[in-house]
Every structure is written in structure tokens, then in C-alpha cells.
Amino acid sequence: MTTQSNATAGSTIAVTAPHPARGGTVLAVLGVVAFSLTFPATAWGLEGFGPWSLVAVRSVLAALLAGGALLALRVAPPARRHWAGLTVVAAGVVIGFPLLTTLALRTSTTSHAAVVVGLLPLTTALLSALRTGIRPSRTFWAAALAGAGAVVTFTVLQSGGAVTTADLYLFGALVVCAAGYTEGGRLARVMPGWQVIGWALVLCLPLTVPAAAVALAHEPVRLTAHGVAGLLWVAAGSQFLGLVVWYRGMAAIGIPRASQLQLAQPLLTLVWSVLLLGEHLTPAAPLTAAAVLVCIAVTQRARG
């Protein structure tokens, strides 16, 4: 009787226990939603701050938030072997991507920037394959390339095929961010994801604090509601909390699969750009959305 009861209980637990991959997907999706608000929030932030001030101050505020959490929980510093990877995360995610995209958004619309950065999933998958040695299936790559192709087509339709200085900033942002995502996803397998971005932010403080002081002294500041709200979101939501759930999601479901969920990010950003910034959505957006969502479904079912 006891053995049967234990077996039954064990079976019940096995059935009701949440699937790790499902939880990882939910976390990755939450990260994508947070990131989709980054460009509209940056556009708001630029209403009150200069580009260099916005990037430096957002990093300092996020580092204070992360450092406070690390101190409150008495988290020990990472092992020496992890600091090189954290430096890559800091250079790509904390400094490189925010700086390059903010410079681009001075002259580019958020909708245009969003679709260019839609190539980030494929860039991340490529760097991940080179860095980790993981080789996704042909089906995975076919769907990823199709999704990227849809994003490129949308970009060409929006810009008329012209490559601008803003586009060059955005393409550079793709590379450095993909490197940071790849290294952060790898580190999130050996330490909690929030600690990965937390230590990366703290690592940048010797650079971001003096940079913020210099930038604020040389760029005009107007404390508007939009400017402050945009700064607070890119600091707390995009720079820290979004990356916390994103790295945890990548660690659970793998970097290639998680990266393909970001194919939905530019489309979400398009929605926010209409609702928050009043930008006009072109008729091509729904078609691109449908194509991208199909690609996401295929990549999530392909073996990674």
C-alpha cells in the first residue's frame, strides 16, 4: 500500500511539475517585452537629456540598483575565471549597445531602428554557434534566415534601400549586443542571470560615473515628464530587470532558441512607437508580423 501510494505521489509530482523549458520561454518572452520598450523610452529620454548623458546616467542608475541588490543579498564576487566573460557582457550590453542605438536614434525613427535591430536573433545565433560549438539543425537555420529575410525586406521598404549613418550605428550595435548576449547566456548557466548583468553593471562604474559627470556638464538637461520616464525605464527596465529575466531564459532554453524569440521584438516596438510616440505604421507591418511569428514557431520546435 505504502509503495503504491509513494509511486502514485511520484507520478503526480512528475505530471504537475512545471516544464523547465516552458518556464525559460516565459522568462525570455518577458525579456523581449522589456527590450521592445527600449527604443521608445530612449526617444523619450532624448527629449530631456543629451545622448551621452542618457547612456551614462542610465548605466549608473542601473548599476546602483544592481549593486544594492548584490550587497543586500551578500553575494560573493564571481570567480576570477568569469571576469573576462563579464567584461564582454559589460562592453556589449552595458556600454556598446545603449550608446550606439542612442546615437542612431538622434536621426532615425524608432520603427526603422527596431526593424534593423531585428537582425539581432540571427547575429546572436551565429556568434553562439562560434562561441559554444552548438550546431542547430538545418530547419532551425532555414527558419532563422527566413525571419531575418523578412526583417531585411521590411527595412528596405521603409528606408528605400539607403544606408545611413544611423544604420551603421545600428549594425555595430547588433554585433556588440550579440556578443554580450552570447557570453551572458553562457555565464547564466553557472551563476544566476541577475548576477551576470549585476556584476557587469558594477564593473562599468569606474567608467560610467565620470562619463556621466562630464556629459551632464556639457549637454543641456530638461527635466520633462517624458525625459525622466524614459531614463528610468531604460535604466531599471531595459538595463537591469529585462536582462535578468532574459539571461535566465537563455540559460534554460538555450541561446539559439531564445534569440529567435527576439524576432518579435521589432514588431512589438512598432506597436509601442505608434501608441507612445505617434509614429505611423505602414501596411507592410502586419505581413511582416505574420511571417516573423511563423518563423518563431518553427525555430522553437526545431532541435537546437
Side-chain angles (χ1 to χ4, degrees), residues 25 28-43 97 100-101 104-105 107-128 136 138-175 177-178 181 238 242 246 249 253 255-302 304:
T25 299
V29 168
L30 290 175
V32 169
V33 173
F35 298 153
S36 71
L37 283 161
T38 300
F39 285 174
T42 299
F97 185 80
L100 292 171
T101 54
L105 285 170
T107 56
S108 173
T109 64
T110 58
S111 56
H112 180 81
V115 291
V116 173
V117 175
L119 293 175
L120 182 58
L122 181 59
T123 309
T124 303
L126 286 170
L127 290 184
S128 172
R138 292 181 180 179
T139 301
F140 177 94
W141 284 117
L145 288 170
V151 170
V152 170
T153 301
F154 186 86
T155 304
V156 171
L157 291 174
Q158 293 295 296
S159 65
V163 177
T164 64
T165 301
D167 289 326
L168 295 178
Y169 281 134
L170 292 170
F171 288 132
L174 284 176
V175 176
C177 188
Y181 280 175
S238 303
W246 175 243
I253 66 176
I255 297 172
R257 288 187 179 181
S259 70
Q260 297 314 300
L261 290 172
Q262 276 199 305
L263 285 169
Q265 184 175 322
L267 304 167
L268 288 173
T269 300
L270 289 177
V271 174
W272 299 129
S273 70
V274 172
L275 295 178
L276 301 178
L277 303 176
E279 294 184 4
H280 297 289
L281 203 62
T282 65
L287 295 176
T288 306
V292 168
L293 290 176
V294 169
C295 293
I296 291 174
V298 174
T299 57
Q300 295 307 295
R301 286 169 173 77

Evaluate the ring planes of Phe97 and Phe39, with Trp represented by its six-membered ring, and classify them as parallel (under 30°), tilted (30 to 60°) or perpendicular (over 60°).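 Phe97 and Phe39: parallel rings.
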Gap between atom [atom2] of [Y] and atom [atom1] of [X] - 0.5 Å precision:
| X | Y | atom1 | atom2 | result |
| --- | --- | --- | --- | --- |
| Phe140 | Leu145 | CZ | CG | 9.5 Å |
| Trp246 | Leu261 | CH2 | CG | 6.0 Å |
| Leu174 | Thr123 | CG | OG1 | 5.0 Å |

Determine whether Thr101 and Leu170 satisfy the following criterion, side chain to side chain contact (heavy atoms under 4.5 Å, CB included), listing intermediate values before the conclusion. CA-CA 6 Å; Thr101 54; Leu170 292 170; 4.1 Å; yes
Atom of [X], atom of [Y] and distance for their closest heavy-atom approach:
| X | Y | answer |
| --- | --- | --- |
| Ser108 | Ala113 | OG-N, 3.7 Å |
| Leu100 | Ala173 | CD1-N, 3.5 Å |
| Ser238 | Phe35 | O-CE2, 3.7 Å |

Ser128 side-chain N/O to Thr124 backbone N/O, donor-acceptor pair under 3.5 Å: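 Side chain of Ser128 to backbone of Thr124: no pair is present.
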Selection residues 138-149 - residue pairs positive for side chain to side chain donor-acceptor pair (under 3.5 Å), sequence neighbours left out: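 Applying side chain to side chain donor-acceptor pair (under 3.5 Å) to every pair that reaches into residues 138-149, excluding sequence neighbours, yields nothing.
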Any pair with a residue in residues 145-154 that passes side chain to side chain donor-acceptor pair (under 3.5 Å), sequence neighbours left out, goes on the list, sorted by first then second residue, please.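 For residues 145-154, and leaving out neighbouring residues, there are no side chain to side chain donor-acceptor pair (under 3.5 Å) pairs at all.
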After noting the C-alpha distance and the side-chain angles of Val175 and Phe171, does the key distance pass the side chain to side chain contact (heavy atoms under 4.5 Å, CB included) rule? CA-CA 7 Å; Val175 176; Phe171 288 132; over 6 Å; no
Output side-chain donor-acceptor pairs under 3.5 Å for residues 263-279, partner residues at least two apart or in another chain, one line each.
unit_1: Gln265; atom_1: OE1; unit_2: Gln262; atom_2: NE2; d: 2.7
unit_1: Thr269; atom_1: OG1; unit_2: Ser36; atom_2: O; d: 2.9
unit_1: Thr269; atom_1: OG1; unit_2: Gln265; atom_2: O; d: 3.0
unit_1: Trp272; atom_1: NE1; unit_2: Ser36; atom_2: OG; d: 2.9
unit_1: Ser273; atom_1: OG; unit_2: Leu270; atom_2: O; d: 2.6
unit_1: Glu279; atom_1: OE1; unit_2: Thr110; atom_2: OG1; d: 3.1
unit_1: Glu279; atom_1: OE1; unit_2: Ser111; atom_2: N; d: 3.3
unit_1: Glu279; atom_1: OE1; unit_2: Ser111; atom_2: OG; d: 3.2
unit_1: Glu279; atom_1: OE2; unit_2: Thr110; atom_2: N; d: 3.3
unit_1: Glu279; atom_1: OE2; unit_2: Thr110; atom_2: OG1; d: 3.0

Can you give the donor-acceptor pairs under 3.5 Å from side chains of residues 289-298 to other protein atoms, not counting sequence neighbours?
none

